[in-house]
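Note that this is a predicted model, so its numbers are computed, not measured.
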Amino acid sequence: QVQLHESGGGLVQAGGSLKLSCAASLSILSVATMGWYRQAPGNQRELVATITRGTYTNYADSVKGRFTISRDNTENTVYLQMNSLKPDDTAIYYCYCNIGPSWGQGTQVTVSS
């Protein structure tokens, strides 16, 4: 019932930054837990970061100190600010909502060395 649309992926050099956006089709961010996951070729989909309706956040150890998840409830949008990107961050990044649960189609992030 909730559709999620990611944007902001692309190609960036190591050490660079990208900001991903996830727009929800319904006004649900005030009550939903949102998150970002990623999947590299041949690997399982893994948690990157989550944010609850109470704005508590959780990050994978591999991205702590580099990535920041945030949300704008008025825009029904979740963001993932990614700094100091590494080649190991290369993956398809998926937006997640616990209502449904729902998944976005994914956006490709490629980090070159």
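A salt bridge does not link Lys86 to Asp89: none of the charged side-chain nitrogens sits closer than 4.0 Å to a carboxylate oxygen.
Only one option out of Ile92, Val63, Val109 pairs with Arg38 in a side chain to side chain contact (heavy atoms under 4.5 Å, CB included); it is Val63. Each of Ile28, Thr33, Leu26 was checked for a side chain to side chain contact (heavy atoms under 4.5 Å, CB included) with Ile99, and the lone residue meeting it is Ile28.
Side chain of Ser102 to backbone of Val2: a donor-acceptor contact under 3.5 angstrom is found. Judged by distance alone, with hydrogens and angles left aside, the side-chain atoms of Thr90 form a donor-acceptor pair with the main-chain N or O of Val111 at under 3.5 Å. A donor-acceptor contact shorter than 3.5 Å is absent between the side chain of Glu6 and the backbone of Cys22. No side-chain donor-acceptor contact under 3.5 Å links Tyr79 to the backbone of Thr68.
At a threshold of 4.5 Å between side-chain heavy atoms, the hydrophobic network of Ile, Leu, Val, Met, Phe, Trp and Tyr places Val48 and Trp103 in two separate groups. Side-chain heavy atoms closer than 4.5 Å link hydrophobic residues (I, L, V, M, F, W, Y) into clusters, and following such links, possibly through other members, connects Leu20 to Ile69. Criterion: ILVMFWY side-chain heavy atoms under 4.5 Å apart, direct or through other members. Under it, Val31 and Ile51 are part of a common hydrophobic cluster.
Side-chain atoms of Phe67 and Leu18, non-hydrogen and from C-beta on, never get closer than 4.5 Å to each other. For the pair Val78 and Trp36, the minimum side-chain heavy-atom distance is below 4.5 Å.
When all heavy atoms are compared, the tightest approach of Ala32 to Arg71 is O-NH1, 3.5 Å. Smallest separation of non-hydrogen atoms from Gly104 and Tyr94: O-CD2, 3.5 Å. The minimum heavy-atom distance between Leu29 and Thr77, with the atom names listed, is CD1-N, 3.0 Å. Across all non-hydrogen atoms, the minimal contact from Ala49 to Tyr59 is CB-CD2, 3.6 Å. When all heavy atoms of Met82 and Tyr93 are compared, the pair lying nearest together is SD-CE2, 3.9 Å.
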Inset, instruction - Determine, stepwise, if the pair Ser62 / Asp88 fulfils side-chain contact (heavy atoms from CB on, under 4.5 Å). - result: CA-CA 9 Å; Ser62 59; Asp88 286 348; over 6 Å; no
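Distance check, rounded to the nearest 0.5 Å: CE of Met34 to CG of Leu80 gives 12.0 Å.
For the 3.5 Å distance criterion, the side chains of Ser27 and Asn76 qualify, holding a donor opposite an acceptor.
With a 6.0 Å radius and a threshold of 12 heavy atoms from other residues, nucleotides or ligands, Gln108 has its CD atom above the threshold. Residue-environment remark: CZ (Arg53) stays at or below the threshold of 12 foreign heavy atoms within 6.0 Å. More than 12 heavy atoms of other shown residues, nucleotides or ligands fall within 6.0 angstrom of atom CD in Glu46.
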